[in-house]
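Below you'll find the structure, written out as structure tokens, and then a few comments.
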Amino acid sequence: MNQIISKNINKYLVISLIFSLIPLSLIIGTLALNLNIILFIIINLIFFKKEIFKRKYSDIDKLIIIFFIFILFTGIFNTIENYYFGDREYIYLPGMPMAGDANYDFTILIKTLAFMRYLFVYLIIRFLIEKNYLKFNLFFFSSAFFCVFVCLDVIFQFFVGVDIFGFESPTPRKLSGPFHDELIAGGYIQRFSLFLLFLFPVFLKINNKHVSYFLSFFLLSLILISILMSGNRIPFVLFIITIFLIMISEKELRKHILLITTFVVIIFASLYFFNKEIKINFKHFFRQSAIILKVVNPVNLFTDYKFDRTNLPEHFDEFESFYDTWLMNKFIGGGVRAFRLNCPKRKNIYLGPTPKASERGTCNTHPHNYYLEIMTELGLVGTVIFLLIISKIVWFYVFKGSLFKNYIIPRKIEVPFFMLFFAEIFPFKTSGSFFTSANSTFIFIVLAVTVALINKRKT
């Protein structure tokens, strides 16, 4: 009997350890992350086999399964269409397959089949939490540790010029920290910051109130300063939004909202006025935001308002390129990661002095917004399914007993996952590709945990 118990404990520990390595894998790179995810899937399939799939599915579960079935359908459909009826002649852009490359015909299908691994990730996490097999403490400790590591590495790079591995940032306005030439350090910190802040209330409760307050403000300062130093503006805004949403929704934190607001303003103002690069970076951000708001003003959208394209942020051209690309496959989309293939073939929007160079050059690998990308890749049908999933989750969390309730331990685990999910799917932001390994992994982890905890509370 003891051997059986010991065997099960070791089994659950192995699964939790592999799951807790995801924050580290995101730092190491895509290869490490994919290996981690594949190992996580294989180990769970070996341990639990069909048991993972033999359970009662909630409405949200069914919508997510339908979402993946539709992704598979549109991938197969577009592959057949491209192979037998597609125009093989298209304008070559760096990083795209050369015309006549045999892999071009199956790119969408390959990407689609690879993306299906996240359905397994979702179902496995749902199963593990439902059965209480997943040890959240290991994931919280791991996330907190590596979040602090990236924070300190960015601060070190800010003052020394290189990070602790000797990496220089590609640009002085933004810092890459341990991510070498990828300017995503601020985004990483924002994604794992709440696990750091919730580690102590959930797993390392401090009875001394003064020590607890000091530690909370110290960690909050560390996160704010490192994100500001990284130069990633959107992660900073999202972090502020999630902090204030948590304070508004949690009764025992609401009384501190004025103090926290003052604290955040002081930190931001101090770095903004005393550091040239941070000041330039955020002045540029405020100026770009004002320009975009002026252009997308509802009054202008329904008139013949002519705007000066020379002052528009570079992301605006990428947002704009979405529309004609979406029109090519309005209802079912072009398939996973098809934007890079379809964008160069779309109808011209803007004709500059050299049309092909100016117009086709606005094509990127994705339109830098999750919703615009899903519209082009999965069409109206896929977008509606995705919005239904989000609506269901928000409805259950906000209106079915999660929000404005007592701040108890189970809720303290649920809150960071939901808030990070909300920040990740926040519609009014620039973003990486929804279908890349790093983004998809994080999205479907926080999605799976949020849904699982909501369902456990309901039952």
Side-chain angles (χ1 to χ4, degrees), residues 37 41 44 50-78 111-131 134 326 329-338 369-403 414-415 417-427 431 433-437 439-459:
I37 293 298
I41 293 171
N44 277 280
K50 295 179 181 180
E51 189 183 352
I52 294 169
F53 311 103
K54 290 182 177 179
R55 59 183 181 79
K56 186 178 179 181
Y57 292 97
S58 68
D59 291 341
I60 299 175
D61 293 335
K62 292 172 184 176
L63 279 173
I64 290 171
I65 292 170
I66 291 170
F67 182 66
F68 275 94
I69 291 172
F70 180 76
I71 289 173
L72 184 60
F73 162 76
T74 192
I76 294 171
F77 179 88
N78 280 284
K111 297 289 185 183
T112 300
L113 293 175
F115 189 76
M116 297 304 289
R117 68 189 183 274
Y118 296 107
L119 176 59
F120 286 93
V121 169
Y122 173 84
L123 293 174
I124 288 169
I125 292 174
R126 283 281 286 108
F127 166 78
L128 293 174
I129 295 174
E130 188 179 271
K131 298 293 185 180
L134 194 63
W326 168 66
N329 299 278
K330 288 188 290 186
F331 298 106
I332 68 166
V336 171
R337 307 300 293 274
N369 178 276
Y370 286 159
Y371 296 89
L372 300 186
E373 184 180 20
I374 290 171
M375 282 278 282
T376 57
E377 315 288 66
L378 304 178
L380 285 174
V381 177
T383 305
V384 168
I385 298 171
F386 184 68
L387 290 174
L388 283 173
I389 293 168
I390 293 171
S391 301
K392 277 275 189 182
I393 293 170
V394 173
W395 171 262
F396 280 118
Y397 188 86
V398 176
F399 299 108
K400 292 292 184 179
S402 288
L403 213 57
E414 187 178 310
V415 169
F417 282 101
F418 174 79
M419 290 301 174
L420 289 169
F421 173 71
F422 175 81
E424 197 66 23
I425 52 89
F426 189 71
S431 65
S433 172
F434 180 87
F435 297 100
T436 57
S437 297
N439 291 333
S440 294
T441 297
F442 187 79
I443 290 167
F444 285 102
I445 284 175
V446 294
L447 172 62
V449 175
T450 301
V451 174
L453 293 176
I454 287 174
N455 274 279
K456 279 181 72 69
R457 177 170 38 76
K458 284 168 58 183
T459 55

_Residue pair Leu372 / Trp326, side-chain heavy-atom distance below 4.5 Å_ = no
_Using 0.5 Å steps for rounding, measure from the CZ atom of Phe417 to the CD atom of Glu424._
13.5 Å
_With Phe435 via ring pair (Phe, Tyr, Trp, His ring centres under 6.0 Å) - residues at least two apart_ = Phe115
_Given 3.5 Å as the limit, does a donor-acceptor pair link the side chain of Tyr118 with the main chain of Ile445, or not?_
no
*Can you list every salt bridge (charged side-chain N to carboxylate O under 4.0 Å, His left out) pair that touches residues 111-120, not counting sequence neighbours?*
none
_Check: Phe422 and Ile390 side chains under 4.5 Å, non-hydrogen atoms_ = no
_Check: Ile37 and Val121 side chains under 4.5 Å, non-hydrogen atoms_ = yes
*Take Ile393 and Phe418, measure what side-chain contact (heavy atoms from CB on, under 4.5 Å) needs, and give me the verdict at the end.*
CA-CA 9 Å; Ile393 293 170; Phe418 174 79; 4.1 Å; yes
*Rounded to the nearest 0.5 Å, what's the gap from CG on Leu420 to CD1 on Ile443? Could you check?*
12.0 Å
_Nearest-0.5 Å distance, CD1 of residue Ile66 to CG of residue Leu388_ = 9.5 Å
_Side-chain donor or acceptor of Thr74 paired with backbone N/O of Ile332 under 3.5 Å_ = yes
*Kindly write out the residues that satisfy side-chain hydrogen bond (donor to acceptor under 3.5 Å, both in side chains) with Ser391, not counting sequence neighbours, or none if the list is empty.*
none
_Considering only residues two or more places apart or on different chains, which pairs with a residue in residues 375-385 satisfy side chain to side chain donor-acceptor pair (under 3.5 Å)?_
none
*Residues which pass ring pair (Phe, Tyr, Trp, His ring centres under 6.0 Å) with Phe127, listed by chain and number, not counting sequence neighbours*: Phe48, Tyr133
*Rounded to the nearest 0.5 Å, how far does CZ of Phe421 lie from OH of Tyr397?*
12.5 Å
*Partners of Val381 by side-chain contact (heavy atoms from CB on, under 4.5 Å), sequence neighbours excluded?*
Phe70, Ile385
*Looking only at non-hydrogen atoms, find the nearest pair between Ile60 and Phe396 and report the distance.*
CD1-CD1, 3.9 Å
_Given 3.5 Å as the limit, does a donor-acceptor pair link the side chain of Tyr57 with the main chain of Phe53, or not?_
yes
*Taking only residues two or more places apart in sequence or in another chain, which ones pass side-chain hydrogen bond (donor to acceptor under 3.5 Å, both in side chains) with Thr112?*
none
*Mind checking the CD1-OG spacing from Ile374 to Ser433? Nearest 0.5 Å is all I need.*
9.5 Å
*Does Phe434 have any ring pair (Phe, Tyr, Trp, His ring centres under 6.0 Å) partners at least two apart in sequence or in another chain, and if so, which?*
Tyr370, Phe386
*Would you mind reporting whether Arg55 and Leu123 have side-chain heavy atoms less than 4.5 Å apart?*
yes
*Step by step, work out the side-chain contact (heavy atoms from CB on, under 4.5 Å) result for Leu72 and Leu113.*
CA-CA 7 Å; Leu72 184 60; Leu113 293 175; 3.8 Å; yes
_Applying the side-chain contact (heavy atoms from CB on, under 4.5 Å) criterion to Ile125, which one of Val451, Leu447, Val449 satisfies it?_
Val449
*Heavy atoms, side chains only, cut-off 4.5 Å: are Leu380 and Met375 in contact?*
yes
*asked:* Measuring centre to centre across the rings, with the benzene-like ring taken for any Trp, is Phe67 within less than 6.0 Å of Tyr122?
replied: no
*asked:* Holding to ring pair (Phe, Tyr, Trp, His ring centres under 6.0 Å), I want the full list of residues that pass it with Phe442, two or more places apart in sequence or in another chain.
replied: Phe192
*What residues form a side-chain contact (heavy atoms from CB on, under 4.5 Å) with Ile69, not counting sequence neighbours?*
Ile65
*Could you list the residues that satisfy side-chain hydrogen bond (donor to acceptor under 3.5 Å, both in side chains) with Asn329, not counting sequence neighbours?*
none
*Can you name the closest pair of heavy atoms from Asn78 and Gly333 and give their distance?*
ND2-O, 3.0 Å
*Mind checking what makes salt bridge (charged side-chain N to carboxylate O under 4.0 Å, His left out) contact with Arg126, not counting sequence neighbours?*
Asp61
*Rounded distance [0.5 Å steps], OG1 in Thr450 versus CD1 in Ile129*: 8.5 Å
